[in-house]
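Data first, discussion second: the structure below is written as structure tokens.
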Amino acid sequence: GGVGLQVLNDRAGEGTLTLTRVTAQYAYQINLSRSFAIRAGAEVGYFERKLDWSKLTFGDQIDDRRGFIYSTQDNPRGGRASGVDFAGGLMGYSEKVYMGVAFHHLTEPNESLIIGASKLPIKFTAHAGAKLKLRDSKYGSAGSSFISPNIMYQQQADFKQLFFGLYGTKGPIVGGIWYRNKDAFVILAGIQAGVTRFGYSYDVTVSRLTTKSQGSHEVSLTFQFDCRPSKRKFRTISCPSF
């Protein structure tokens, strides 16, 4: 099994809309055979979404010549929403292939920043991939380099996305590219040293939003600590001494 803790802070519109999320995770593994295992996971999180009303601009603030010089007549409202969120998933994998499903926002928490309800719909994710070891060109044997093709499908209410991706790993260095259907390419790179993983990704927009969006950046830092395997206890048999 394993436990995890994830902290996310997202700032949109130069800090106009911010989201902070802290999530605790637990996973348990069941070995079905020597070559195939199933892992089930669950998570519970707390989120807080805030709106900085002072950074919003409205049409009644605009002067035809001098720009935004007036005070808006719109009444400030909303500003903060928080709640608890739950998710769960199941994955089966072997040394070379893996596949799984996950469900997020099981309780459909209310994220409305104004009067009324705005429930976050349940998100369904299905994914599959493989990890293929490359041959060492010098010795002709399997080395420390891998390629990993992946596919992922997501659906939330009426919104659907299909991803195709490919990772490449050589020693501690990881690189890859993802394509999101008719929308964007995602380029990523990372490095792993001991228990520490550092990653960076950039979304390159290829849809009609190209002239309106400058893409988005994401930086991640992960610490993975392996637990010591439990010692097996055997019933000892006394051996004759000579």
Side-chain angles (χ1 to χ4, degrees), residues 4 6 8-13 17 19 21 23 25 27 29 36-43 45 47 49 85-109 111 118-134 145-170 173-190 192 197-222:
Q6 185 181 57
L8 170 70
N9 180 254
D10 180 65
R11 298 169 57 83
L17 183 66
L19 170 65
R21 184 186 297 271
T23 306
Q25 303 151 337
Q29 179 173 307
F36 192 80
I38 290 179
R39 177 167 292 186
E43 70 175 29
F47 71 90
R49 189 181 295 274
D85 201 1
F86 298 90
L90 188 69
M91 182 176 73
Y93 65 97
S94 66
E95 187 176 350
K96 293 183 178 181
V97 297
Y98 47 89
M99 62 197 74
V101 294
F103 294 89
H104 289 80
H105 319 306
L106 293 174
T107 56
E108 296 189 334
E111 288 193 324
S118 179
K119 292 186 176 181
L120 186 61
I122 294 175
K123 183 178 75 172
F124 166 73
T125 304
H127 66 94
K131 186 176 182 180
L132 308 175
K133 187 174 291 188
L134 300 178
S145 301
F146 299 87
I147 60 171
S148 178
N150 289 263
I151 184 172
M152 182 172 67
Y153 172 79
Q154 290 184 337
Q155 181 173 349
Q156 188 171 22
D158 296 330
F159 181 73
K160 302 175 182 178
Q161 278 188 329
L162 183 63
F163 296 80
F164 299 94
L166 181 69
Y167 293 105
T169 303
K170 185 173 181 61
I173 301 175
V174 180
I177 185 169
W178 280 82
Y179 174 67
R180 189 167 59 228
N181 56 317
K182 301 179 182 180
D183 184 19
F185 281 98
V186 182
I187 302 171
L188 58 94
Q192 179 173 349
R197 294 180 182 178
F198 176 80
Y200 167 78
S201 65
Y202 177 66
D203 282 29
V204 184
T205 306
V206 295
S207 67
R208 288 181 296 176
L209 290 174
T210 302
T211 57
K212 302 296 182 180
S213 171
Q214 300 300 318
S216 60
H217 304 267
E218 181 175 319
V219 177
S220 64
L221 180 63
T222 304

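In this text, all values refer to a predicted model and were calculated from it rather than measured experimentally.
- Using a 30° and 60° split on the angle between ring planes, Phe185 and Tyr179 fall in the tilted class, from 30° to 60°.
- For the atom pair CG of Leu221 and CZ of Arg197, the computed distance is 11.5 Å after rounding to the nearest 0.5 Å.
- Partners of Glu111 by salt bridge (Lys or Arg N to Asp or Glu O under 4.0 Å), not counting sequence neighbours, listed by chain and number: Arg49.
- With sequence neighbours excluded, the residues forming a salt bridge (Lys or Arg N to Asp or Glu O under 4.0 Å) with Arg21 are Asp85, listed by chain and number.
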query: Can you list the steps and then say if Val186 with Arg180 is a side-chain contact (heavy atoms from CB on, under 4.5 Å)?
result: CA-CA 8 Å; Val186 182; Arg180 189 167 59 228; 4.2 Å; yes
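- Proximity of Phe103 to Phe86: side-chain heavy atoms (C-beta onward) are nowhere separated by under 4.5 Å.
- Shown here for Leu162 and Tyr153, the closest heavy-atom pair between the two residues is CD1-CB, 4.1 Å.
- Taking each heavy atom of Ser201 and Leu188 in turn, the nearest pair found is CB-CB, 3.8 Å.
- Across every non-hydrogen atom of Leu90 and Ala40, the tightest pair is CD1-CB, 3.8 Å.
- Between Phe146 atom CZ and Leu134 atom CG the span is 8.5 Å, to the nearest 0.5 Å.
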What side-chain donor-acceptor pairs closer than 3.5 Å can you find for residues 119-128, not counting sequence neighbours?
none

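- Across all non-hydrogen atoms, the minimal contact from Pro109 to Phe47 is CB-CE2, 3.7 Å.
- Applying the side chain to side chain donor-acceptor pair (under 3.5 Å) criterion to Gln6, with sequence neighbours excluded, gives no partner residue.
- Residue pairs meeting the salt bridge (Lys or Arg N to Asp or Glu O under 4.0 Å) criterion with at least one member in residues 146-170: none, sequence neighbours excluded.
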- request: Run the numbers on Met152 and Gln161 for side-chain contact (heavy atoms from CB on, under 4.5 Å), then give the verdict.
  value: CA-CA 8 Å; Met152 182 172 67; Gln161 278 188 329; over 6 Å; no
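- Taking OG from Ser94 and CE from Met99, the interatomic distance works out to 7.5 Å, rounded to the nearest 0.5 Å.
- With a 4.5 Å cut-off on side-chain heavy atoms, Leu17 and Asp10 do not count as touching.
- For Tyr98, the side chain to side chain donor-acceptor pair (under 3.5 Å) test picks out Ser148, Asn150, with sequence neighbours left out.
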